[in-house]
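Each remark here refers to the structure printed beneath this line.
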Amino acid sequence: MKQKTALITGITGQDGSYLADFLLEQGYRVIGMVRRSSTVNFDRIAHLQEVEALEIVQGDLLDQMSLIDILREYNPDEVYNLAAQSFVPTSWRQPVLTGEFTALGVTRMLDAIRIVNPNIRFYQASSSEMFGKVRETPQNENTPFYPRSPYGVAKVYGHWITINYRESYNLFAYSGILFNHESPRRGLEFVTHKVTYGVARIKLGLADELRLGNLEARRDWGYAGDYVRAMWLMLQQDKPDDYVIATGETHSVRRLCEVAFNCVGLNYEDYVVSDPKFYRPAEVDLLVGDATKAGEKLGWEPTINFAALIQMMVEADMVTLREEGH
Ligand code: NAP
Ligand code: G4F
């Protein structure tokens with residue numbers, strides 16, 4: 001069988017790095033698109049440095065021609081569009097830039113595909129943030145959207161333009177509505193990693209408190225390794241469609257703190273401070289997904305539960321800090 005080629009935008013991010021691992025294991029040739037920066041930022045894919053089947057190429061979702069050129073040069077079978085400004089609080093500080101990357105960037109890639117090769121299969125990284133002020137619980141593929149941040153609004157645009165190109169041009173355009181997924185490779189500003197890293201620092205005597213925002217917000221947290229497998233499974237279906245990917249369990253940030261501090265034998269109430277500085281202008285109070293469709297059609301289900309995920313992250317942070325000599 002001919003070796004398949006996949007293009008990943010956002011390969012330096014959490015999901016891009018796990019997806020690269022997964023696709024390389026499946027025998028793919030992987031092209032990772034990175035934007036130019038004055039310092040390299042390849043920590044999450046450093047372990048793949050010597051892998052011949054992985055090639056890094058410069059391109060930017062802000063630059064239409066760079067996308068067209070990459071598709072022409074590498075002719076991928078599958079494109080996974082994971083690049084985005086993905087941190088919700090930043091989207092209030094840089095709403096226009098967030099729209100350029102996270103919303104219009106999707107159109108630029110879809111148009112590039114339409115022009116170069118409409119047979120390419122396209123995955124769009126849509127988000128449970130689109131549900132925002134939720135209209136029903138749990139949320140599924142038919143739940144109406146009510147985004148609560150410029151990021152969420154941009155993702156709604158990205159989702160609908162994906163469907164529009166599917167319907168207008170018969171593109172193989174798939175949208176995965178993924179609920180929060182985490183790992184030791186998660187950015188340190190996201191709440192799970194902020195908490196597990198904070199726990200490790202406190203345990204090792206490097207800090208004596210952890211300042212967070214809204215402790216009552218609830219999220220459906222899964223493991224990123226499980227979620228990239230779902231992305232691939234979607235693109236193996238011949239009929240393009242939308243899928244919710246979630247665990248079906250929801251926990252508050254307070255409960256996350258309790259579980260993470262328990263991992264090292266500490267009580268979160270002695271260390272966690274709720275600081276209004278970290279509150280958002282508009283909050284998403286509750287997310288919990290219904291991934292029944294993904295279970296039935298893709299045979300997908302999560303393998304790592306919430307407690308195991310948090311333990312994995314705390315342990316990884318302890319190891320990292322000890323390796324740094326603490
Ligand atoms: P992440 O760690 O923040 O990674 C984002 C990636 O996008 C980075 O590789 C970043 O490159 C790249 N990027 C940003 N702007 C770009 C541009 N203009 N051109 C090219 N690349 C650009 O995000 P993630 O957690 O892996 O999430 C992957 C995708 O899934 C994102 O679209 C996110 O919005 C979406 N999503 C994530 C979750 C979740 O819970 N993780 C849930 C639902 C949806 P640099 O390294 O250069 O910054
Ligand atoms: O970890 P978070 O920053 O993730 P959020 O906003 O849910 O967004 C993540 O998941 C989305 C999928 O639903 C992705 F689309 C998006 O790209 C990103 O990956 O915050 C989770 C919750 C929020 O309710 C926030 O208010 O935790 C609450 N929180 C409380 N204290 C905090 C903090 N969040 C952060 N980042 N930092 C805090 O100190």
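Both counts, for ligands and for their atoms, begin at 1 and track the order of listing.
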Polar atom proximity, Leu212 to ligand 2 (N or O, under 3.5 Å): no
Selection from Phe190, Tyr151, Phe179, Phe87 by shortest heavy-atom distance to atom 18 (C) of ligand 2: Phe190
Pair Tyr271 and Phe261, ring centroids less than 6.0 Å apart: yes
Those atoms of ligand 2 less than 4.0 Å from some heavy atom in Asn214: 30 (C), 31 (N)
Distance filter under 4.0 Å to Arg186 heavy atoms, resulting ligand 2 atoms: 9 (C), 18 (C), 19 (O)
Protein residue, atom and distance nearest to atom 36 (N) of ligand 2, heavy-atom basis: Glu189 O, 2.9 Å
Test side chain to side chain donor-acceptor pair (under 3.5 Å) applied to Tyr165 and Asn170, Thr107, Asp111, the passing residue: Asp111
Atom 13 (O) of ligand 2 [closest protein heavy-atom partner, distance rounded to 0.1 Å]: Ser128 OG, 2.6 Å
Atoms in ligand 2 flagged as close to Ser86, the criterion being non-hydrogen separation under 4.0 Å: 16 (C), 17 (O), 18 (C)
Region of Ala217 engaging ligand 2 - heavy atom pairs below 4.0 Å: side chain
Pair Phe131 + Phe145: ring centers closer than 6.0 Å: yes
Nearest neighbour in protein (non-hydrogen) for atom 28 (C) of ligand 2: Val253 CG2, 3.9 Å
Distance-only donor-acceptor check, side chains Gln85 and Thr102, under 3.5 Å: no
Under the salt bridge (charged side-chain N to carboxylate O under 4.0 Å, His left out) test, residues paired with Arg186 that sit two or more places apart: Glu182
Option with minimal heavy-atom separation from atom 11 (C) of ligand 2, where the choices are Glu129, Arg254, Arg218, Gln14: Glu129
Charged N-O contact under 4.0 Å between Asp275 and Arg211: yes
Close aromatic pair by centroid cut-off 6.0 Å: Phe87 and Trp92: no
Side-chain donor or acceptor of His181 paired with backbone N/O of Phe179 under 3.5 Å: yes
Nearest-neighbour protein heavy atom for atom 26 (O) of ligand 2, which is reported as residue plus atom name and distance: Glu283 OE2, 2.6 Å
Side chain, backbone, both or neither: Arg219 near ligand 2, heavy atoms under 4.0 Å: side chain
Shortest heavy-atom approach to atom 2 (P) of ligand 2 - which of Arg280, Arg211, His193: Arg280
Test item: Gln58 side-chain N/O and Val34 main-chain N/O as donor-acceptor pair under 3.5 Å: no
Taking atom 21 (C) of ligand 2 as the reference point, the nearest protein heavy atom with its distance: Val191 CG1, 3.7 Å
Nearest non-hydrogen protein atom, atom 5 (P) of ligand 2: Asn180 ND2, 3.7 Å
Hphob cluster co-occupancy, Met33 + Leu235, side-chain heavy atoms under 4.5 angstrom: no
Pair Asp317 + Arg201, salt bridge at N-O below 4.0 Å: no
Protein contact of atom 39 (O) of ligand 2 - nearest heavy atom, named by residue and atom, plus distance: Lys194 NZ, 2.8 Å
Pair Asn81, Thr9: side-chain N/O donor-acceptor within cut-off below 3.5 Å: yes
Short side-chain donor-acceptor distance under 3.5 Å, Tyr227 and Trp300: no
Glu52 CD: over 12 foreign heavy atoms closer than 6.0 Å: no
Protein residues that have a heavy atom under 4.0 Å from any atom of ligand 1, sorted by chain and number: Gly10, Thr12, Gly13, Gln14, Asp15, Met33, Arg35, Asn41, Asp60, Leu61, Leu82, Ala83, Ala84, Ser86, Phe101, Ala125, Ser126, Ser127, Tyr151, Lys155, Leu178, Phe179, Asn180, His181, Arg186
Trp221 N/O under 3.5 Å from ligand 2 N/O: no
Met130 near ligand 2 by a heavy-atom separation under 4.0 Å: no
Test of proximity, Thr192 against ligand 2: N or O pairs below 3.5 Å: no
Protein heavy-atom partner closest to atom 8 (O) of ligand 2 - residue, atom, separation in Å: Val88 CG2, 3.7 Å
Ligand-residue contact atoms, ligand 2 with Ser127, heavy atoms, under 4.0 Å: 11 (C), 12 (C), 13 (O), 14 (C), 15 (F)
Side-chain ion pair, Glu296 and Lys293, N-O less than 4.0 Å: no
Among Arg280, Arg219, Lys155, the one residue meeting salt bridge (charged side-chain N to carboxylate O under 4.0 Å, His left out) with Glu129: Arg219
